[in-house]
Asker: 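Mind having a look at this structure? Questions to follow.
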Amino acid sequence: MHSVIAIIRRDLLLAMRRKSEVLTALFFFIIVVSLFPLGIGPESALLRKIAPGVIWVSALLATMLGLARLFAPDHADGTLEQMVLSPTPLGLLVAGKIVAHWITTGLPLVLLAPVLGIQFDLDRGALGILVLALLLGTPLLSLIGAIGAALTLGVRGGGVLLSLLVLPLYVPALIFGAGAVESHVSGLGAGGHLSLLAALLALAVFFAPWATTAALRIALE
Amino acid sequence: MLTATGLSCVRGERRLFAGLDLAVGPGEWLHVQGENGAGKTSLLRILATLSPPAEGEIRWHNEPVAALAEDYRRAMLFLGHHGAVKEELTPLENLTLAAQLDGTTLDAATALQALVRFGLRGREDLAVRFLSAGQKRRVLLARLAVRKASLWILDEPFTALDVKAVAMLSGLIEEHLAAGGMAILTSHQSMPLPNGKVLSI
Amino acid sequence: MNNKLVNWFKFGSPQSFYPLAGKMIPWFWALAVVFGIIGLWISFFVAPTDFQQGEGYRIIFIHVPAAWMSMFLYIVMATWAGLGLALNTRLSGMMAQAIAPTGALMAFLSLWTGAIWGKPMWGAWWVWDARLTSALILFFLYIGFIALQAAIDDARRADKAGAILALVGVVNVPIIYFSVKWWNTLHQGASVSLTKAPAMAATMLWGMLIMALAFWMYSIAVTLMRVRAIILEREAHTEWVKNLSEIQGEPK
């Protein structure tokens with residue numbers, strides 16, 4: 001546990017020292033979401049309807065942006081080798097890195113989403129569900145994304161390939177995440193969607209670090 | 001005691017070496033020699049369990065390393081071509097965080113002492129990105145001094161070091177051997193260390 | 001090691017599998033042609049005209065088997081990939097690599113024929129039906145697998161990385177399918193459900209099953225041909241490949 005906290009601290013420290021990477025993804029998220037009303041028109045009934053989908057798709061893309069850099073710097077400077085050779089099990093260190101990735105990319109999206117939701121004229125209840133869905137969904141994006149990042153480590157055209165691998169796997173998160181807000185707005189209640197999202201998260205927490213670890217070992221061989 | 005029997009390594013379609021035997025006991029060091037591309041780095045990576053050998057077995061105190069896993073990794077320290085040093089962090093942060101990732105703690109005083117020993121006094125709070133290539137290697141050497149390991153596997157440790165640093169590193173390795181440690185090194189140059197076993201591949 | 005295990009591993013080596021595959025290929029081609037002729041005959045001449053959909057419905061004799069195959073092949077591919085990861089046999093990775101293009105072809109075929117069928121039935125080339133959408137995502141998964149393998153130069157690493165991706169995909173395929181289905185029921189107004197199709201005539205079912213067999217045989221034959229090519233490519237440096245009669249016969 002000690003070493004997991006250490007790697008989270010280290011990655012947060014690194015993120016603090018290169019703030020631009022974190023901020024770029026964040027502003028990308030804001031800009032993409034803000035472009036939709038410009039493309040579609042300011043009619044508030046329509047905007048309310050598309051808001052959950054737009055915010056979720058933008059969150060997916062913003063997460064993708066930093067994903068290629070999840071393991072690449074560690075791979076380039078030899079830190080990844082040292083992590084593999086550390087007495088601490090690699091799976092734990094990988095889990096720590098995923099947590100740090102979520103804190104630097106997922107959590108800011110969750111915190112910003114209500115502000116963007118207001119742009120789309122969502123009411124207070126819908127905003128709450130949106131935040132809750134993103135809170136469950138963005139860790140899922142980091143977990144699944146880590147598998148893709150490990151698989152494409154040091155591979156030609158890794159960045160583009162990464163989105164090809166990962167985006168289809170994001171489909172369930174997108175459906176349940178955006179669906180939660182929609183079904184709340186239409187009066188059906190978001191409970192079902194949110195619990196399915198939580199179930200997926202539980203599955204990914206169990207499965208993704210393991211798959212990521214296996215992929216990293218292959219990349220280093 | 002590290003022993004390896006019948007090691008072979010295949011990269012792509014090429015067989016780099018085959019039927020390689022080696023043994024390193026307490027206080028001994030092994031100098032791996034060979035031309036560029038002969039497989040020196042591959043051998044060290046196999047010994048460090050970073051990649052599996054195509055054939056053969058590695059034993060640590062007569063136990064297969066595959067079965068020992070964490071115990072072997074705790075007793076072994078591998079330094080490769082890359083620095084394994086984070087450019088954005090200071091030398092002091094690099095040392096303490098590396099120790100914490102290994103599940104041990106390193107107090108700031110000990111870390112500072114090691115950095116001073118390698119001539120990094122006054123640089124401990126400067127991001128590594130502002131140091132020269134040789135100074136970066138010295139941060140790495142400080143790690144050798146603070147990490148407790150009985151087997152050192154060092155790939156080209158003398159690269160990018162000036163005369164003074166070479167002397168420091170040789171001194172460090174000699175200390176390590178005198179205390180019953182083991183070392184496996186690769187190097188193009190002749191080694192400034194006595195009594196090495198030579199393995200040519 | 002017991003004898004059974006040894007026998008399995010014997011055919012697990014590319015060297016002994018290569019001639020075996022060579023012997024099997026003509027048989028599977030022959031079966032594919034026979035089943036194909038019977039299946040097409042049933043589907044065009046024996047199966048009755050559908051009183052709702054007219055003659056256009058006959059495309060399901062291609063569409064449904066292709067959709068089945070695209071799913072089966074993904075599972076078969078992931079099984080080979082998983083075997084390769086667990087047992088570290090060389091042939092398994094080659095099999096997975098050989099299956100992927102056929103699987104992608106089947107997924108594409110099912111999308112394409114689905115669109116052709118959809119135009120007269122729904123009045124649109126594409127509707128966001130749950131099955132069509134998940135077939136589309138399955139197609140993306142195949143493309144991802146092929147792209148990942150193509151991007152990695154070292155064949156062994158490509159096999160292992162592809163295997164992990166295939167296993168992750170196989171866990172995800174049912175999740176994706178059910179999520180898409182759930183999504184579809186929420187937006188029911190936008191599409192037409194296929195599940196309420198009229199009860200199928202027995203001859204139609206037979207036609208589809210025989211066509212599916214033909215597709216199976218075709219897939220096996222093509223996969224074996226492809227795996228032979230992959231074996232030659234990867235083992236080109238070995239003695240046994242250099243001694244093959246078809247290699248030695250080639251002009252230098």
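Numbers restart at 1 for each chain; the letters A, B, ... are given by sequence-line order, proteins then strands.
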Asker: Does some side-chain heavy atom of C/I175 sit less than 4.5 Å from a side-chain heavy atom of A/V171?
Answerer: no
Asker: Heavy atoms, side chains only, cut-off 4.5 Å: are A/L151 and C/K160 in contact?
Answerer: no
Asker: Side chains of C/R156 and A/E221: closer than 4.5 Å at any heavy-atom pair?
Answerer: no
Asker: Can you tell me how far apart OG1 (A/T212) and CD1 (C/I164) are? Round to the nearest 0.5 Å.
Answerer: 8.5 Å
Asker: Non-hydrogen atoms of chain C under 4.5 Å away: do they reach the side chain of A/A178, the backbone, both or neither?
Answerer: neither
Asker: Can you tell me how far apart CD1 (C/I152) and CZ (A/R156) are? Round to the nearest 0.5 Å.
Answerer: 9.5 Å
Asker: Heavy atoms only, distances under 4.5 angstrom: which of A/A208, A/G154, A/P168, A/G192 has the most pairs with chain C? Name it, please.
Answerer: A/P168
Asker: For A/V155 and C/A151, work out which heavy atoms get closest and say how close.
Answerer: CG1-CB, 3.3 Å
Asker: Rounded to the nearest 0.5 Å, what's the gap from CZ on C/F178 to CG on A/L196? Could you check?
Answerer: 11.5 Å
Asker: Heavy-atom distances under 4.5 Å only: say whether C/V171 touches chain A with side chain, backbone, both or neither.
Answerer: side chain
Asker: Where do C/F145 and A/L165 come nearest, in terms of heavy atoms and distance?
Answerer: N-CD2, 4.5 Å
Asker: Chain C heavy atoms under 4.5 Å from A/I175: which part of the residue, side chain, backbone, both or neither?
Answerer: side chain
Asker: Ignoring hydrogens, what is the shortest heavy-atom contact between A/L153 and C/R157? Give both atom names and the distance.
Answerer: O-NH2, 2.8 Å
Asker: Give, as side chain, backbone, both or neither, the part of A/I147 having an atom under 4.5 angstrom from any heavy atom of chain C.
Answerer: side chain
Asker: Any side-chain heavy-atom pair from C/L148 and A/L164 closer than 4.5 angstrom?
Answerer: no
Asker: State whether the number of non-hydrogen atoms from other residues, nucleotides or ligands found under 6.0 Å of C/W112 atom CH2 is greater than 12.
Answerer: no
Asker: Quick one: what part of C/A163 sits under 4.5 Å from any heavy atom of chain A, side chain, backbone, both or neither?
Answerer: neither
Asker: Check this for me: A/W210, atom CH2, are more than 12 non-hydrogen atoms of other residues, nucleotides or ligands nearer than 6.0 Å?
Answerer: no
Asker: Using the side-chain contact (heavy atoms from CB on, under 4.5 Å) rule, pick out the option among A/L203, A/L200, A/L169 that qualifies with C/N172.
Answerer: A/L169
